[in-house]
Protein chains: 2
Amino acid sequence: MALKIRKNQSKLPPEQCPLTECMSVLGGAWTPNLIWYLSAGPRRFSELRVDMPGISAKILTTRLRDLEAKGVVLREVKPTSPPSVEYSLTELGAELIPAIAAIVKVGHKLKMLHGKD
Amino acid sequence: MALKIRKNQSKLPPEQCPLTECMSVLGGAWTPNLIWYLSAGPRRFSELRVDMPGISAKILTTRLRDLEAKGVVLREVKPTSPPSVEYSLTELGAELIPAIAAIVKVGHKLKMLHGKD
DNA sequence: CTGTATCCTGTAGGATACTG
DNA sequence: CAGTATCCTACAGGATACAG
């Protein structure tokens, strides 16, 4: 990756490049929301659907599986009479909270600045 | 990307819900990268194209205009003989750095855990 | 309840060509 | 150099129906 073409900009740490990976974590449109709601504690599939009105079961499943595969979300099947599944954030997943919070913070500022609500 | 989230209903504080807004800031696929490269200092259009191999001029322009409109990026036209334009992060834009850094951090961890590069 | 399987659409983004 | 204008493709995501 070619950078450092200008004097007034120093070479950035290698962490800069893996933004592709970082975005693969929060890639989906609903992913940040999903993580956020999960941060409040374990949630069931149907609960998440209520939390995020507008999300389709397909996408919710997709995002859930995706995050699970990445070790961000933990899926626990409760052997109850009506099958229920609880999703929760893993230790690693919890580390995303500050990141999301930071983005939300700026996003909120932006909203106030432009007054577009 | 059709983010048409309207009203979030949960026990979570309202400040956290507007993830729609936060994602509208880092919405584009290249946006995080763009902000990151800008964080190192002012960059010209062509320099950014080199920084991010693969990005098309169209998208670069789009993202740049978008961020400019949001007050995250500052666009300065230098009245030089060959027209040159410098882009830089505003104060507000700089606040996104920690957020991006946090995501990168987790993304990097994820990469190491799964060993998939 | 918790998903999975299709079908379909909107739109972000790439390629290319052209302008000031 | 710094864009802009078109055209086109890929894929995320919605709707609906169906399954364990």
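Chain identifiers are assigned alphabetically (A, B, ...) following the order of the sequence lines, protein sequences preceding nucleic acid strands; residue numbering begins at 1 within each chain.
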Please check the phosphate of [N] (OP1 and OP2 only) for any side-chain N or O of [X] closer than 4.0 Å.
X       : N      : result
B:Arg75 : D:dG3  : yes
A:Ser46 : C:dT2  : yes
B:Trp30 : C:dA12 : no
B:Arg65 : D:dG3  : yes
A:Arg63 : D:dA12 : no
A:Tyr87 : C:dC1  : no
B:Arg44 : D:dC1  : no

Length of the line joining [X]:[atom1] and [N]:[atom2], which is rounded to integer Å:
X       : N      : atom1 : atom2 : result
B:Ile59 : D:dC7  : CD1   : C1'   : 14 Å
A:Asn33 : D:dG13 : CG    : P     : 11 Å
A:Glu47 : C:dG3  : CD    : C1'   : 16 Å
B:Asp66 : C:dG13 : CG    : C1'   : 14 Å
A:Phe45 : D:dG20 : CZ    : C1'   : 14 Å
B:Leu60 : D:dT4  : CG    : C1'   : 13 Å
B:Lys78 : D:dG3  : NZ    : P     : 14 Å

query = Should B:Leu34 and B:Asp51 count as side-chain neighbours, where that means a heavy-atom distance under 4.5 Å?
reply = no
For [X], side chain to side chain donor-acceptor pair (under 3.5 Å) partners two or more places apart:
X       : value
A:Arg49 : none
A:Ser84 : A:Thr80
B:Arg75 : B:Tyr87

message = Please list all pairs meeting salt bridge (charged side-chain N to carboxylate O under 4.0 Å, His left out) that have one or both residues in residues 89-99 of chain B, counting only residues at least two apart or in different chains.
response = A:Lys109-B:Glu95
query = Quick one: salt bridge (charged side-chain N to carboxylate O under 4.0 Å, His left out) pairs with a partner in residues 27-42 of chain A, sequence neighbours left out?
reply = none
inquiry  = Regarding B:Thr61, tell me which of base, sugar-phosphate or nothing describes its non-hydrogen contacts under 4.0 Å with the strands shown.
reply    = base
task = Assign B:Ser84 to base, sugar-phosphate, or nothing according to its heavy-atom contacts below 4.0 angstrom with the strands shown.
result = sugar-phosphate
side-chain contact (heavy atoms from CB on, under 4.5 Å) partners for B:Pro98, two or more places apart = none
note = The side-chain contact (heavy atoms from CB on, under 4.5 Å) partners of B:Leu74 (sequence neighbours excluded) come to B:Glu76, B:Ser88, B:Thr90
inquiry  = Return a single string for nucleotides 15-20 of chain C, one symbol per nucleotide in 5' to 3' order, where B is base contact, S is sugar-phosphate-only contact and - is none, cutoff 4.0 angstrom on heavy atoms.
reply    = B----B
ask   = How many angstroms lie between atom CZ of B:Arg43 and atom CG of B:Leu64, to the nearest 0.5 angstrom?
value = 12.0 Å
message = Using 0.5 Å steps for rounding, measure from the CD1 atom of B:Ile97 to the CG atom of B:Leu89.
response = 5.0 Å
remark   = Angle separating the five-pair end axes of the helix from C:dC1-D:dG20 to C:dG20-D:dC1, nearest 10°, is 50°
